[in-house]
Trainee: 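The structure that follows is given in the form of structure tokens.
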There are 2 protein chains.
Amino acid sequence: MLRLSKLTDYATVILSFMARDNSHVHAAMEIASITGIALPTVSKILKLLVNAKILISTRGAKGGYELARAAEKISIASVISALEGPIALTECSISQQGCEQASGCEIRGNWNLINQTIHNALESVTLADMVRPARSQDLAWKQEILIPVASLYR
Amino acid sequence: MLRLSKLTDYATVILSFMARDNSHVHAAMEIASITGIALPTVSKILKLLVNAKILISTRGAKGGYELARAAEKISIASVISALEGPIALTECSISQQGCEQASGCEIRGNWNLINQTIHNALESVTLADMVRPARSQDLAWKQEILIPVASLYR
DNA sequence: ATAATTGAGTACTATTCTAGTCCTATTTAA
DNA sequence: TTAAATAGGACTAGAATAGTACTCAATTAT
């Protein structure tokens, strides 16, 4: 189902909360109670986000977490790869081992293309976009979508 | 990692083989031996593709599978959803149950937007595109990618 | 200095999902 | 009627995910 893991989903919830109130640092406990996510789980996610340089942590009393940079500069792609590793639809996109399928490998290049397309799309969406309320069914945006892969061959 | 399942990967391999030679029906056994995928697994995939109306099956001796329509009319999105169910990054995108996260739900609409964007991108790539050889690192296509979601709010 | 607060790191467990296999029924061509 | 082939479902083993717990390290307030 092309799904993100729950942890990634939680991460966006946590980050969007922090983006809305970035005036001071937030302790893990505070975040847990506000979002309703269990504390150990919140901690785990926050640590991953710190490692990915998305958050900055301050230890000790009065410590906590805060965004490492403005919400406009935090892409959804970076959040996803912080939690789930590199964005790659197929196996071969990560490990360059190559597949043993003799006849199938001709499509790998195309998968990489699709992969890149999706990656770029996710790269273009920032945390700031997520915080803003979604437009209701505004059909205009559908026309805006470009289909780069298919048009490659024309 | 935003991964597709192996079965979906196999499915594209199988379908691309069938797209290249759509002159006659292919038995599951034939497909298995050519692609190197185990027969029971191939059968399972083929059945799912038939249910999704992507393939047509003929029973009995001299039976087999063939594409239900031209490769140009088979989108990658339809293949993915045949194997993995509806394309949805987050839980809420499928079940309208709603999330219990009190403060997080404001971003659901935005997830749906991203979701739709990716879905449309995948919808635009067809099996025929996959069969064609991939262009080598032609950087031109990168510029072609449009970032519809972020630009929505400007 | 010392105690309290808070994050860092690691290890562990249970549950869910995925991949893959097998068996039996049904259909059709020869 | 027989052989070839798909249809459908049930089942198992393994891997990945989600969530928890515990101990160490750092900082600040008193």
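Here is how names work: the chains are called A, B, and so on, in the same order as the sequence lines, proteins then strands, and each is numbered from 1. Please read these numbers as outputs of a predicted model, since none were measured by experiment.
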Trainee: Quick check: closest heavy atoms across A:S5 and A:E84, and the distance to 0.1 Å?
Mentor: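 A:S5 and A:E84 have their closest heavy atoms at N-OE2, 3.0 Å.
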Trainee: Tell me the interatomic distance from B:L55, atom CG, to D:dA7, atom C1', rounded to whole angstroms.
Mentor: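 Roughly 14 Å, once rounded to whole Å.
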Trainee: Between A:Y65 and B:G60, which residue's closest nucleotide on DNA chain C lies nearer the 5′ terminus?
Mentor: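 That would be A:Y65.
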Trainee: As a test of reading the structure: which of C:dA19, D:dT6, D:dA25 is closest to the side chain of B:K6, going by heavy atoms?
Mentor: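 That would be C:dA19.
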Trainee: Could you state the atom-to-atom distance from CG of A:D9 to P of D:dG19 in whole Å?
Mentor: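 Result: 11 Å.
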Trainee: Measure from CG on A:L7 to P on C:dT16 and round the result to the nearest Å.
Mentor: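 After rounding, the gap between these two atoms is 16 Å.
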Trainee: Taking atom P of D:dG8 as reference, at what distance in whole Å does atom CG of B:L49 sit?
Mentor: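 Distance, rounded to whole Å: 13 Å.
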Trainee: Out of D:dT6, C:dG7, D:dA18, which nucleotide sits closest to the side chain of A:A28?
Mentor: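 The listed nucleotide nearest to A:A28's side chain is C:dG7.
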Trainee: On DNA chain D, compare the nucleotides closest to A:K44 and A:T58; which residue's is nearer the 5' end?
Mentor: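 The residue mapped nearer the 5' terminus is A:K44.
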Trainee: Looking at every non-hydrogen atom in both residues, tell me the closest pair between B:I54 and B:S78 and how far apart they are.
Mentor: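 In terms of heavy atoms, the two residues are closest at CD1-O, 3.6 Å.
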Trainee: Tell me: CG of B:L39 to P of C:dG20, nearest whole Å?
Mentor: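 Going from B:L39 (CG) to C:dG20 (P), I get 13 Å.
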Trainee: Return no unless some side-chain N or O of B:Y10 is found under 4.0 Å from OP1 or OP2 of C:dG20.
Mentor: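 Checking B:Y10 against C:dG20: at least one side-chain N or O falls below 4.0 Å of OP1 or OP2.
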Trainee: Tell me: CE of B:M29 to P of D:dA3, nearest whole Å?
Mentor: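 Atom CE in B:M29 sits about 16 Å away from atom P in D:dA3.
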Trainee: Expressed in angstrom and rounded to an integer, what is the separation of B:L48 atom CG from D:dA7 atom P?
Mentor: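 The distance from CG of B:L48 to P of D:dA7 comes to 11 Å, rounded to the nearest Å.
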Trainee: Which one, D:dA5, C:dA29, D:dA29, comes nearest to the side chain of B:A27?
Mentor: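 Comparing D:dA5, C:dA29, D:dA29 against the side chain of B:A27, the answer is D:dA5.
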Trainee: Quick check on C:dC17: is either OP1 or OP2 less than 4.0 Å from any side-chain nitrogen or oxygen of B:S5?
Mentor: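 Answer no for this pair, as no side-chain N or O of B:S5 is under 4.0 Å from OP1 or OP2.
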Trainee: Is there a path from B:V50 to B:M18 through hydrophobic residues (I, L, V, M, F, W, Y) whose side chains come within less than 4.5 Å of each other?
Mentor: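 Shared cluster, yes.
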Trainee: Distance criterion of 3.5 Å, no angle test: do you see the side chain of A:K47 paired donor-to-acceptor with the base of C:dG7?
Mentor: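 Side chain to base: no pair present.
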Trainee: Of the nucleotides D:dG19, C:dT21, C:dT5, which one has an atom closest to the side chain of B:A38?
Mentor: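 Out of D:dG19, C:dT21, C:dT5, the nucleotide with an atom closest to B:A38's side chain is C:dT21.
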Trainee: A:L46 near the nucleic acid: base, sugar-phosphate alone, or nothing, with a heavy-atom cut-off under 4.0 Å?
Mentor: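 Answer is nothing: A:L46 stays at 4.0 Å or more from every strand.
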Trainee: For A:E66 and C:dG7, give me the distance from atom CD to atom C1', rounded to whole Å.
Mentor: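 Interatomic distance, CD of A:E66 to C1' of C:dG7: 14 Å.
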Trainee: Of all heavy-atom pairs between A:V125 and A:M130, which one has the smallest distance, and what is that distance?
Mentor: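 Taking every non-hydrogen atom into account, CG1-SD, 4.3 Å.
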Trainee: Under a 3.5 Å threshold, yes or no: a donor from one side chain and an acceptor from the other, between B:T126 and B:E72?
Mentor: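 Note: B:T126 and B:E72 side chains miss the donor-acceptor criterion.
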Trainee: Between A:G63 and A:N51, just flag the one whose closest nucleotide in DNA chain C comes earlier from the 5' side.
Mentor: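 Counting from the 5' end, the first nearest nucleotide belongs to A:G63.
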Trainee: For the side chain of B:R59, counting heavy atoms from C-beta on, which of C:dT21, C:dA8, C:dT27 is nearest?
Mentor: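 The nucleotide sitting nearest to the side chain is C:dT27.
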